[in-house]
Engineer: 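Structure in structure tokens, see below.
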Amino acid sequence: MLIVKKFGGSSVRDKERIMNVARRCEKDYRAGNRVVVVLSAMGDTTDDLIAKAHDINPNAPKREMDMLLSIGEQESVALMAMALNSLGVPAISLNAFQVGMHTTSAYSAARFKRVDTDRLVHELDAGKVVIVTGFQGVNKYDDVTTLGRGGSDTTAVALAATLHADKCEIFTDVDGVYTADPRIVKNARKLKEISYDEMLEMATLGAQVLHNRSVEMAKKYGVTLVVRSSLNESEGTLVREVNNVEKMLVSGVACDKNAARIALIGVKNEPGVAFKIFDELSRKNINVDMILQSVGRDDTKDISFTVDQEEAKNAVEVLKENRERLTIQKIEDEVNVAKLSVVGAGMQSNSGVATKMFEALYDVGVNIRMISTSEIRITVLIDLEDTDRAMRAVHDKFLPDED
Ligand code: ADP
Ligand code: ASP
Ligand code: MG
């Protein structure tokens with residue numbers, strides 16, 4: 001059997017944890033399997049590297065950021081190869097360049113285009129455990145790229161898909177995918193399984209347990225994922241195509257504290273204005289999420305929307321530069337907001353889900369700033385300070401404790 005095993009930063013944060021992972025990999029290897037291991041950087045290494053960079057230059061070029069951040073994963077794979085070696089298991093570490101993990105050139109947000117297998121297969125054939133750096137790739141200029149925060153999950157899925165692995169296990173610091181972040185909602189429940197679509201929504205809406213692109217890719221290539229703890233033998237959660245006739249109305253609640261809201265006040269109420277505004281933003285690769293338009297005074301309208309916090313400054317600058325042409329009277333921005341979402345495939349055939357969510361928020365006096373929906377989710381924008389209690393209230397409403 002060919003097994004891809006991915007371990008996150010907390011699972012390799014120190015010597016004890018590294019040896020723990022090495023022993024888990026040894027077990028699979030000695031049972032006769034071909035084992036590919038994908039690792040994240042140890043503990044808070046990536047955050048520390050980012051802080052170091054910002055200390056020197058808050059506007060560091062993205063290329064250099066990727067060059068810097070990629071060293072975290074290189075450290076952990078080399079140490080893991082040494083750990084396995086100390087257990088008498090032949091192992092080799094490879095970075096993205098050595099494997100040939102080719103990505104687009106977008107620094108800090110690269111996507112896989114192609115993964116070479118020659119070197120990987122050669123090492124596996126030689127009887128070695130192969131340990132690959134997560135989170136990084138190489139672009140057509142032979143430069144190092146990274147996949148975005150949490151991207152090691154996507155490296156694991158890309159390898160599992162390319163190598164037609166029999167199993168792709170994502171080991172982390174919780175026992176699986178829960179109905180909400182178990183650190184915030186204490187009575188959240190572990191799910192036995194969740195569909196790709198629901199998991200994709202959860203991941204995109206802030207449940208960082210899986211990188212959203214890893215789920216997208218798993219769905220595309222039909223890779224079943226197992227999310228489980230690196231610290232115990234608990235079964236974990238399966239992420240795969242689920243065809244239950246009785247779909248759960250709501251399978252989870254997610255929150256994203258990385259949102260910013262931008263409001264454009266007093267925009268001319270005429271055709272083409274929205275197009276020009278959002279066209280300007282998309283030309284700068286700024287991703288816009290929730291959008292709300294409301295009637296303003298006189299012959300104007302107000303348009304508000306959300307972006308990721310790190311894009312907010314950029315977005316405001318772009319709009320300010322083009323303020324007259326875009327007929328904007330005033331620009332406001334705020335970062336003390338969060339997105340709260342409920343996700344469930346069963347929503348498609350049930351009405352009243354939105355009402356129930358709004359009621360839960362009303363019960364705890366949380367104000368809703370914006371609303372957006374898709375077939376299988378409802379998202380509201382709320383004040384950041386309300387997030388945790390709003391999340392608990394909404395979770396209790398849809399997923400009350402079972403007696
Ligand atoms: P790793 O370093 O292993 O990649 P992450 O920190 O990226 O781990 O993801 C695991 C974390 O995701 C958990 O510690 C948990 O707090 C958080 N999380 C958020 N939402 C969920 C959820 N619905 N189920 C499980 N974990 C969640
Ligand atoms: N080390 C990277 C990060 O902290 C990638 C990962 O953990 O998946 O975002
Ligand atoms: Mg992660």
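The model shown is predicted, which means the values in this text are computed figures rather than measured ones. Order of listing sets the numbers, starting from 1, for every ligand and every atom in it.
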Engineer: Select one of side chain, backbone, both or neither to describe which atoms of Arg149 lie under 4.0 Å from any atom of ligand 1, heavy atoms only.
Structural biologist: neither
Engineer: Under 3.5 Å between some N or O of ligand 2 and some N or O of Lys6?
Structural biologist: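 It does not: no N or O of Lys6 is found under 3.5 Å from an N or O of ligand 2.
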Engineer: Can you spot which of Val132, Thr155, Val12 makes a side-chain contact (heavy atoms from CB on, under 4.5 Å) with Leu39?
Structural biologist: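 For Leu39, the side-chain contact (heavy atoms from CB on, under 4.5 Å) test succeeds with only one of Val132, Thr155, Val12, which is Val12.
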Engineer: Between Thr46, Thr172, Thr179, which one has a non-hydrogen atom sitting closest to atom 8 (O) of ligand 1?
Structural biologist: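 The nearest heavy atom belongs to Thr172.
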Engineer: Which option, Ala156, Gly72, Ser152, Gly9, owns the non-hydrogen atom nearest atom 6 (C) of ligand 2?
Structural biologist: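 Residue with the shortest heavy-atom distance to the ligand atom: Ser152.
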Engineer: Give yes or no for whether the N/O distance cutoff of 3.5 Å, strictly under, is met between Asp153 and ligand 2.
Structural biologist: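 No - when backbone and side-chain N and O of Asp153 are compared with those of ligand 2, no distance drops under 3.5 Å.
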Engineer: Among Asp289, Thr306, Leu205, Thr373, which one satisfies side-chain contact (heavy atoms from CB on, under 4.5 Å) with Thr379?
Structural biologist: Leu205
Engineer: Should you measure from each heavy atom of Glu73, which atoms of ligand 2 turn up under 4.0 Å away?
Structural biologist: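 So the atoms of ligand 2 that pass are 1 (N), 2 (C), 5 (C).
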Engineer: Just to confirm my output: which protein heavy-atom neighbour is closest to atom 15 (C) of ligand 1, and how far is it?
Structural biologist: Asp181 OD1, 3.4 Å
Engineer: Out of Val177, Asp153, Val174, Val209, whose heavy atom is nearest to atom 27 (C) of ligand 1?
Structural biologist: Val209
Engineer: Regarding Glu123 and Arg34, does a basic nitrogen lie under 4.0 Å from an acidic carboxylate oxygen?
Structural biologist: no
Engineer: Only heavy atoms of Ala207, strictly under 4.0 Å: list the atoms of ligand 1 that pass.
Structural biologist: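 Going through ligand 1 atom by atom, the ones under 4.0 Å from Ala207 are 19 (C), 20 (N).
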Engineer: Would you mind finding which of Arg183, Lys6, Met202 brings a heavy atom closest to atom 14 (O) of ligand 1?
Structural biologist: Arg183
Engineer: Checking a contact table here: which protein heavy atom is nearest atom 7 (O) of ligand 2, and how many Å away?
Structural biologist: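 Nearest protein contact, heavy atoms only, for atom 7 (O) of ligand 2 is Ser40 OG, 3.2 Å.
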Engineer: Is there a side-chain contact between Val342 and His395 in this structure, where contact means two heavy atoms from C-beta onward sitting under 4.5 Å apart?
Structural biologist: no
Engineer: Taking the basic N atoms (NZ, or NE/NH1/NH2) and the acidic carboxylate oxygens, is any pair closer than 4.0 Å for Arg63 and Asp143?
Structural biologist: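 Result for this pair is yes, salt bridge flagged.
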Engineer: How close does the nearest protein non-hydrogen atom get to atom 7 (O) of ligand 1, and which residue and atom is it?
Structural biologist: Gln208 O, 3.4 Å
Engineer: Students often mix this up, so state it plainly: with edges at 30° and 60°, are the rings of Phe278 and Phe305 parallel, tilted or perpendicular?
Structural biologist: perpendicular
Engineer: Please say whether Gly9 places an N or O atom under 3.5 Å from an N or O atom belonging to ligand 1.
Structural biologist: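 Yes; at least one N/O pair falls below 3.5 Å.
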Engineer: Under 4.0 Å between a Lys/Arg side-chain N and an Asp/Glu carboxylate O for Arg24 and Glu233?
Structural biologist: yes
Engineer: Strictly under 4.0 Å, does any heavy atom of Gly151 approach an atom of ligand 2?
Structural biologist: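 Judged by the 4.0 Å heavy-atom criterion, Gly151 does count as contacting ligand 2.
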Engineer: Just let me know how Ala180 lines up against ligand 1, side chain, backbone, both or neither, with a heavy-atom cut-off below 4.0 Å.
Structural biologist: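 Under 4.0 Å from ligand 1, Ala180 contributes backbone atoms alone.
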Engineer: Can you tell me which residue and heavy atom of the protein come closest to atom 25 (C) of ligand 1, and the distance to 0.1 Å?
Structural biologist: Gly176 O, 3.3 Å
Engineer: Quick test: of every protein heavy atom, which one is nearest to atom 9 (O) of ligand 2, and how far off is it to 0.1 Å?
Structural biologist: Arg149 NE, 2.7 Å
Engineer: Heavy-atom contacts with Gly150 under 4.0 Å: which atoms of ligand 2 show up? List them by number with element.
Structural biologist: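 Numbered from 1, ligand 2 contributes 3 (C), 5 (C), 6 (C), 8 (O), 9 (O).
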Engineer: Quick one: look at His211 and ligand 2, take heavy-atom pairs under 4.0 Å, and tell me if it's side chain, backbone, both or neither.
Structural biologist: neither
Engineer: Heavy-atom contact under 4.0 Å between Gly150 and ligand 1?
Structural biologist: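 In this structure, Gly150 fails to qualify as a contact of ligand 1 - no heavy atom is under 4.0 Å.
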Engineer: Are side-chain heavy atoms of Val115 and His102 found at a separation under 4.5 Å?
Structural biologist: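 They are not in side-chain contact.
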Engineer: Using a strict cut-off of less than 4.0 Å between a Lys/Arg side-chain nitrogen and an Asp/Glu carboxylate oxygen, indicate whether Asp383 and Arg369 qualify as a salt bridge.
Structural biologist: yes
Engineer: So, Ser234 versus Ser229: side-chain donor-acceptor pair below 3.5 Å or not?
Structural biologist: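 Their side chains do not contain a donor-acceptor pair, so the 3.5 Å distance test is not met.
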Engineer: Do Asp388 and Lys257 meet the salt-bridge criterion of a basic N to acidic O distance under 4.0 Å?
Structural biologist: yes
Engineer: For the side chain to side chain donor-acceptor pair (under 3.5 Å) test, which of Ser40, Ser76, Ser214 pairs with Ser152?
Structural biologist: Ser40
Engineer: Distance to 0.1 Å, residue and atom name: give those for the protein heavy atom nearest to atom 13 (C) of ligand 1.
Structural biologist: Asp173 OD1, 3.5 Å
Engineer: To which protein heavy atom is atom 24 (N) of ligand 1 closest, and what is the distance rounded to 0.1 Å?
Structural biologist: Tyr178 N, 2.9 Å
Engineer: For Thr179 and Gly252, indicate whether the former's side chain and the latter's backbone hold a donor-acceptor pair under 3.5 Å.
Structural biologist: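 Checked: no pair found.
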